[in-house]
Structures are given as C-alpha cells and as structure tokens.
> 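Please read through the structure below; I'll follow up with questions.
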Number of protein chains: 2
Amino acid sequence: MDDNLMEFRTSTNVPEVTVRRLCQYSRHLEDLRDQGVKNISSKALSELMQIKDSQLRKDLAYFGAFGVRGLGYDVEGLSSRLATILGTVKPYSVAVLGAGNLCAALTSYPGFKPHGFHIQALLDNDENKIGREFHGIQVYDVKRLPEVLEMHGIEIVIVTVPVKIAQELFDQCVECGIKAFLNFAPLRLMHDRTKVKVADVDASCSLKVLSFFLTQSEE
Amino acid sequence: MDDNLMEFRTSTNVPEVTVRRLCQYSRHLEDLRDQGVKNISSKALSELMQIKDSQLRKDLAYFGAFGVRGLGYDVEGLSSRLATILGTVKPYSVAVLGAGNLCAALTSYPGFKPHGFHIQALLDNDENKIGREFHGIQVYDVKRLPEVLEMHGIEIVIVTVPVKIAQELFDQCVECGIKAFLNFAPLRLMHDRTKVKVADVDASCSLKVLSFFLTQSEE
DNA sequence: AATTGTGAACCTCTTCACAGCT
DNA sequence: AGCTGTGAAGAGGTTCACAATT
C-alpha cells in the first residue's frame with residue numbers, strides 16, 4: 001500500500017501547462033460571449049492563442065467531450081464548464097503577506113474580485129501600517145497570523161514579503177493548514193509538493209530570461 | 001535556403017525551463033559566495049532547489065564544462081560564468097508602460113537595479129501623471145513613445161497597462177525595434193516569435209491554477 | 001462538408017547509469 | 001574515492017492523421 005496523503009497530481013494527472021491554457025481558453029470564451037458569439041470551432045479558438053487546434057482538443061479531452069462534431073463548441077456552455085473545472089465558480093478567501101507596493105497593486109487590481117478571489121486580510125510587521133486599511137482591507141500584525149487566517153477562513157496566501165522572512169512565514173501558513181500560495185518573493189519556497197501547491201511569479205527571473213534571449217540573438 | 005530572420009531559438013536550442021533554472025542556480029551561488037563557500041557539488045546545489053543533480057549537470061552541459069571531476073564547482077567561477085551566459089554582466093535600459101500601482105511596485109523594487117536592469121522611463125496617458133516623477137523616474141506622455149524609447153536607448157519594455165490598450169502599445173514598441181517584453185497584462189500579446197520575445201507574468205492565471213489544484217484535491 | 005475526439009507517431013525534457021577525470 | 005560529463009533510456013507533452021459524428 002502506498003502513501004495515502006492527499007496528492008495534488010490526481011489520477012487524471014493533468015499537466016500544469018494544460019491548466020494554464022484552460023485559463024486562456026476561458027478568458028477568450030468570456031470575450032466571445034460578451035461579443036455575442038454563440039459557437040466556435042477548435043480551429044478558430046486556437047488561432048486566437050497561436051496554438052494548434054489539436055492542442056486545444058487534447059487539453060479538453062482530459063476532462064471530457066464538450067463539443068459537437070461538425071459544429072464546434074457552444075461558447076456559453078464551454079465557458080461555464082471551464083469555470084467549473086478551474087474551480088472558479090465558488091469564491092476564495094485570500095490573504096496577502098506584506099503590505100507594500102506590490103500589495104497595493106494587488107488590492108487595487110480589478111481582475112481578481114470578479115473572478116472570485118476576495119482579498120480579506122493583509123499582514124505586515126510595520127507598526128505604521130498595522131491597524132490601518134489599504135483599499136478598505138485591514139492590515140493586521142503578522143504576529144497574529146494563525147488567528148487572522150482562521151478568522152477569515154483564508155484558503156490562498158499571496159507572499160509579497162522580502163526573501164529573508166518569506167520561508168519562515170510561509171512555514172507558519174503551512175502549519176495553519178494553508179495549501180495554496182502565490183509567491184512573488186524571488187526564492188523557491190521549500191515545501192512538500194504532495195501537501196502544498198506554490199505558484200511562483202518571479203519577475204526578476206523573467207527579466208533575466210529576456211536578457212538571455214537578447215544576448216543569444218546578438219550573435 | 002531557409003529564412004534568415006534573426007531566430008531566438010538558436011542552434012544550441014536551450015529550453016526556457018533550463019534558462020529559468022540557470023537564474024535560480026545563479027541566485028543560490030551568489031548567496032553561497034556571500035556566505036564564504038568556495039566550492040560546491042552538483043548534488044549539494046541541486047538539493048537547495050529540490051531537483052536532481054543530473055538535471056543541473058545537463059543544464060550546464062548546454063554551455064560547456066564548468067566543473068572539476070571529483071571536486072565539484074568553484075562557486076565564484078560558476079557564478080560569473082552564469083552571469084555571462086544570462087547576459088546580466090552588462091546593464092539594460094528598461095521602460096515601463098503604465099504608471100500605476102504595479103509600476104510603483106516595480107520602480108521601488110530593490111531587486112532590479114543591482115542586477116543591471118535600469119528603469120529609465122515611465123509612460124502613461126494620464127495628464128495628472130505626465131511630467132511628474134515616480135521614485136525619481138520621469139513619466140512621459142505615451143504619445144511620445146517612439147521618441148522616448150529612442151532617447152533612452154530602451155532595450156526592454158515592461159507592460160503594465162490595461163488589456164484594452166496593451167496590444168496597440170505593444171505593436172508600437174515592436175515597430176520601434178524593441179525585442180524583449182515583460183508583460184503583466186492578462187492577455188497573450190500577438191507577436192512573431194522569431195523576432196520578439198515576450199515573458200508573461202500573469203498573476204490572475206496563476207491564481208486560477210491554484211484554484212484548480214485546490215478543487216482537485218478536495219475530491 | 002465540417003469538425004470533433006483520439007490512438008499513434010513524434011519531439012522535448014528528465015533521469016539513469018557509468019565512463020572518465022582529479 | 002568522489003564527482004563531473006554524457007550517451008542511452010524513460011517520461012511527458014505535442015502534433016498528426018483519420019475514424020466517428022452531425
């Protein structure tokens with residue numbers, strides 16, 4: 001008998017690249033629906049994303065058969081199926097570690113709330129920020145982390161604190177049972193991949209990737 | 001004879017995942033050097049990143065042989081070789097499209113400048129922002145885009161504007177000869193991959209990926 | 001006639017395993 | 001003895017090509 005810990009890679013074993021493409025499909029379908037388009041073929045939708053139509057069909061095949069042969073996909077129907085698959089039909093409670101400039105950008109970003117990600121609490125160690133509000137969201141003392149996560153029923157934590165303290169605060173969140181993290185700190189947070197999911201957003205790494213490609217193309 | 005346009009995928013054809021890991025190696029080596037560590041084995045370095053040692057060695061093999069059999073790698077030496085490979089030995093001039101909250105986070109972020117990415121100009125269409133400074137950096141009218149890019153010798157453009165206007169401004173930059181973009185807008189910018197490199201940083205997509213994994217693990 | 005769903009082929013990246021060097 | 005560099009094997013993701021369906 002092998003270990004029965006909750007595994008993030010499920011039996012269907014959907015690759016992360018596929019999930020990221022589902023997000024894009026979802027976005028385009030919402031646009032198309034708003035434009036009054038009722039139906040679309042895999043060819044037309046895939047061209048909007050500069051990918052192959054077979055890629056789109058294979059991605060969907062992980063979850064079922066949503067189209068009609070000869071006709072294509074119902075825009076509204078596929079859109080809502082994708083929302084169900086992505087789990088964005090129900091809202092999430094989110095907390096942000098670090099109430100700095102990036103946190104300001106996140107709290108004022110209009111794209112999260114309509115998609116069901118509600119930032120409920122901010123945490124910082126700066127006395128000047130604690131107790132104040134940021135775009136209507138309370139800043140708590142990071143020392144009260146476990147209590148605040150519990151109180152707001154937080155399911156996702158966004159990490160925007162400096163590298164030095166990121167791992168320690170992250171570990172605290174994991175101990176409190178948080179299973180999903182969006183990490184903006186430029187380090188790999190050490191964690192057990194069978195228990196916790198971390199999505200890294202690393203702008204400085206992306207800049208270096210650009211630097212690499214610019215350097216290559218000069219030769 | 002096939003087309004002779006500058007290709008980003010060079011003859012060595014290094015996968016992007018490898019380049020991203022090179023950034024991580026580089027980061028860890030700088031830390032190790034600062035801690036006074038002189039030498040490290042592929043096993044020890046790879047464990048810091050939770051990857052296999054063979055992965056690290058294969059990544060380096062795209063560029064040459066930098067280690068000593070039986071001994072491992074010289075921390076200082078490998079660190080500087082990686083900086084050369086990544087192209088981060090020379091500085092880059094960067095402009096940011098959109099002088100909002102995200103731009104504020106970027107200009108105040110201490111991680112860019114020391115790695116040679118110098119934000120030289122900000123561009124916006126808000127009359128209240130044009131002509132002012134943001135952390136000591138001038139905000140220009142986005143109508144003057146070509147002139148500003150030219151004047152500052154901009155090599156990399158960071159896109160932080162709303163989706164509606166992102167593609168149009170992006171196209172203008174491409175026409176001006178910009179070849180590298182860091183895109184924070186939640187859309188895929190349509191472009192010719194043989195001429196331009198776009199690195200996407202899409203937090204709302206990453207949140208949905210987390211949502212997907214949370215949904216999966218509930219079952 | 002058009003377009004999906006899918007097995008098979010293909011390609012890319014990862015891991016293994018060991019020869020070769022210090 | 002220890003550790004790198006690398007060919008070969010393995011795993012994973014993409015594309016092809018066509019039978020199945022409307």
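Here is how names work: the chains are called A, B, and so on, in the same order as the sequence lines, proteins then strands, and each is numbered from 1.
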> Take atom CZ of A/R81 and atom P of C/dG5, then tell me their distance rounded to the nearest Å.
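Distance check: A/R81 CZ to C/dG5 P gives 11 Å.
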
> Using atom CG of B/L78 as one end and atom C1' of D/dT4 as the other, report the distance to the nearest whole Å.
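Checked: the CG to C1' distance equals 12 Å.
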
> State, without any angle test, whether A/Q167 and A/D171 hold a side-chain donor-acceptor pair at a distance under 3.5 Å.
yes

> Below 4.0 angstrom, N of the basic side chain to O of the carboxylate: do A/D74 and A/R81 qualify?
no

> Under 4.0 Å, heavy atom to any atom of DNA chain C: which of residues 67-74 of chain A qualify?
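Residues of residues 67-74 of chain A that come under 4.0 Å of DNA chain C are, in numerical order, A/G67, A/V68, A/R69, A/G70, A/L71, A/G72, A/Y73.
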
> When you compare the side chains of B/Y62 and B/N13, does any donor N or O come within less than 3.5 Å of an acceptor on the partner?
no

> How long is the line joining OH of A/Y25 and P of C/dT4, in whole Å?
12 Å

> Within the distance-only criterion (no hydrogens, no angle test), does the side chain of A/D124 pair as donor or acceptor with the backbone N or O of A/A99 below 3.5 angstrom?
yes

> Once you round it to whole Å, what is the distance between P of C/dT22 and CZ of B/F66?
17 Å

> Does this structure show an ion pair linking A/E155 with A/K90, if we count only N-O contacts that are shorter than 4.0 Å?
yes

> Under 3.5 Å, is there a donor on one side chain and an acceptor on the other for A/Y25 and A/D59?
yes

> Within this structure, what is the CG-to-C1' distance between A/L60 and D/dG13, rounded to whole angstrom?
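For the pair A/L60 CG and D/dG13 C1', the rounded distance is 16 Å.
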
> Can you check the B/E16 CD to D/dG13 C1' distance for me, whole Å?
16 Å

> So, A/Y73 and A/S42: side-chain donor and acceptor under 3.5 Å apart, yes or no?
no

> Report the relative orientation of the aromatic rings in A/F63 and B/F212; use parallel for angles under 30°, tilted for 30 to 60°, perpendicular for over 60°.
perpendicular

> Between B/S46 and B/R57, do the side chains contain a donor N or O and an acceptor N or O under 3.5 Å apart?
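Looking only at side-chain atoms, B/S46 and B/R57 do not form any donor-acceptor pair under 3.5 Å.
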
> Rounded to the nearest angstrom, tell me the gap between atom CZ in B/R57 and atom P in C/dA19.
15 Å

> Could you state the NZ-C1' distance from B/K58 to C/dC18, rounded to the nearest angstrom?
12 Å

> Check DNA chain D against residues 37-56 of chain B and give the residues with a non-hydrogen atom under 4.0 Å, in numerical order.
B/S41, B/S42

